[in-house]
Number of protein chains: 2
Amino acid sequence: MTETKKYRGRPKTLNKNHVVEIAMQAYWHEGPTEVSMNSLCQRAGVSKPSLYREFGNEDGLACAALENYVQSVMAKVIEKLKGDGSFADKIGRLVFIATEGTRHENGCLFVKMRATKLSLGVKTQSMIAETENMALEAYTQFLDEAKENRDWSGTFPVTLGAQYLHAQIGLAMAQRARGEDPTAVLKLALSIFE
Amino acid sequence: MTETKKYRGRPKTLNKNHVVEIAMQAYWHEGPTEVSMNSLCQRAGVSKPSLYREFGNEDGLACAALENYVQSVMAKVIEKLKGDGSFADKIGRLVFIATEGTRHENGCLFVKMRATKLSLGVKTQSMIAETENMALEAYTQFLDEAKENRDWSGTFPVTLGAQYLHAQIGLAMAQRARGEDPTAVLKLALSIFE
DNA sequence: AACATTAAATACCGAGTGGTACGAAATGAC
DNA sequence: GTCATTTCGTACCACTCGGTATTTAATGTT
């Protein structure tokens, strides 16, 4: 009966998605430790109390930015592992994404945050651990499927293969973030799956 | 004739080596971005102006700390690649050092600094690049020798192999710094040399 | 019109940063 | 002793950080 109560008070003008997107881009391109709340407020054209009302603290914003990254960038990559195509094709696509994917010019936000996790808040650290598990599960499923289809000989355990894939993709992302070209090393590393 | 002039003025009490050693340990164990000049002064029992007189600025101290690390830790590791022993033995020793070496409980200062090089000064960044080249040269020499001795088949170029070795060792160090056990992944990665 | 409610932004806080001005202290030279 | 020289450390600087107290603005309710 009192449904109109929801719309009382001054209408909010802060666009949460917009702020998160800007924060994600900033953390992504400049590194999580290089972006302050102050500068983020300026870029987003938002006052500081508005930011803190919406996200609680820096940890909350960083966490939201990472979550946005996982859902808008990583999820799409991982989804490709489940689609059609041969094992070799998918490995090739993985290499392509990790080395030339248009949206990865500066590495991977997840990898960058993981590298500096000591200086991040507890919520963000939990999110990093969660994302890590999600990725490992996806790789595990990918290899399980490949083994079942006889696409991959499976000369070593699937769990190790998943860890290995995760580590090598992460390495390539870290190299990209440093301005190096990870292609040759990554291809060599993934040649063990042939 | 005026050689005694050297000893005029108040005698200096600051022990440069001691300070560098403390700085190196601090950067190493807590991460370069987590250690301030203020806290370093306290730990070393030295006044701030003394530090700045000796090292110029933070960049100078970080650079000196990295240089000390390279000469006191990395050099010894690299030296082992040149000693006696079979190729397989040396690879095994490399794995051992990267995964269980007693002095590497917290990863590698070089890898940590490289991971956060954006927030370091120009001198330190140059030192990082220099160290990178030194390591690559050592790996190249190592592989060249192995190829000559028919210890390694050499199914791919030596330069790529050196990059690969450097990248995989660095990956293992980064994993250690995160608290993970890099052993299985590293052994798998280096199995391509068999 | 008066009020409750919600969000806005200014202006501030304490703490910590990298870095320095400056006077005191310790020595050799004269 | 007096002086020049060199190093010492206290006390300070301007600045940035994450975070907030407080006032003002904008709405629905009555």
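Note that the structure is a prediction, hence the values are computed from the model and not measured. Naming: A, B, ... by sequence-line order, numbering from 1 per chain.
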Find the distance [X]:[atom1] to [N]:[atom2] and express it as a whole number of Å.
{"X": "A/Leu61", "N": "D/dG19", "atom1": "CG", "atom2": "P", "result": "10 Å"}
{"X": "A/Asn57", "N": "D/dG19", "atom1": "CG", "atom2": "P", "result": "5 Å"}
{"X": "A/Glu54", "N": "D/dT20", "atom1": "CD", "atom2": "C1'", "result": "17 Å"}
{"X": "A/Leu51", "N": "D/dC17", "atom1": "CG", "atom2": "C1'", "result": "15 Å"}
{"X": "B/Lys16", "N": "D/dT7", "atom1": "NZ", "atom2": "C1'", "result": "15 Å"}
{"X": "B/Glu34", "N": "D/dC17", "atom1": "CD", "atom2": "P", "result": "16 Å"}
{"X": "B/Asn38", "N": "D/dA11", "atom1": "CG", "atom2": "C1'", "result": "13 Å"}
{"X": "A/Asn15", "N": "C/dA7", "atom1": "CG", "atom2": "P", "result": "15 Å"}

| Pair A/Tyr27 + A/Tyr69: ring centers closer than 6.0 Å |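 Distance test on ring centres: not under 6.0 Å, no.
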Out of [options], which has the shortest distance to the side chain of [X]?
{"X": "A/Arg53", "options": "D/dC8, C/dA8, C/dG18", "answer": "C/dA8"}
{"X": "A/Glu58", "options": "C/dA24, D/dT24, D/dG19", "answer": "D/dG19"}
{"X": "B/Ser36", "options": "C/dA9, C/dG18, D/dG9", "answer": "C/dG18"}
{"X": "A/Arg10", "options": "D/dT29, D/dA26, D/dG19", "answer": "D/dA26"}
{"X": "B/Arg8", "options": "D/dT27, D/dA4, D/dG19", "answer": "D/dA4"}
{"X": "B/Ser50", "options": "C/dA7, D/dC8, C/dG19", "answer": "D/dC8"}

Side-chain heavy-atom pair [X], [Y] within 4.5 angstrom cut-off:
{"X": "A/Glu54", "Y": "A/Val19", "value": "no"}
{"X": "B/Phe193", "Y": "B/Leu143", "value": "yes"}
{"X": "B/Lys117", "Y": "B/Pro32", "value": "no"}
{"X": "A/Leu190", "Y": "A/Leu165", "value": "yes"}

| Base, sugar-phosphate alone, or nothing: which one does B/Pro49 contact when heavy atoms must sit under 4.0 Å apart? |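 Counting heavy atoms under 4.0 Å across all strands, the contact made by B/Pro49 includes a base.
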| Of B/Ser47 and B/Gly9, the one whose closest DNA chain D nucleotide lies more 5' |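 Between the two, 5'-proximity favours B/Gly9.
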| request: With B/Lys147 as the cation and B/Phe87 as the aromatic partner, state whether NZ or CZ is under 6.0 Å from the six-membered ring centre and within 45° of the axis. | output: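 No, a cation-pi geometry is absent between B/Lys147 and B/Phe87.
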| said: Can you give me the bend angle of the helix from C/dA1-D/dT30 to C/dC30-D/dG1? Use the axis through the first five pairs and the one through the last five, nearest 10 degrees. | reply: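 Taking the rotation axis at each end, their angle is 30°.
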| Looking only at N and O atoms, is any donor in the side chain of A/Lys48 or the base of D/dG19 less than 3.5 Å from an acceptor on the other one? |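 In this structure, the two groups form a donor-acceptor pair.
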| task | Report the relative orientation of the aromatic rings in B/Tyr139 and B/His166; use parallel for angles under 30°, tilted for 30 to 60°, perpendicular for over 60°. | result |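 Aromatic pair B/Tyr139/B/His166 classed tilted.
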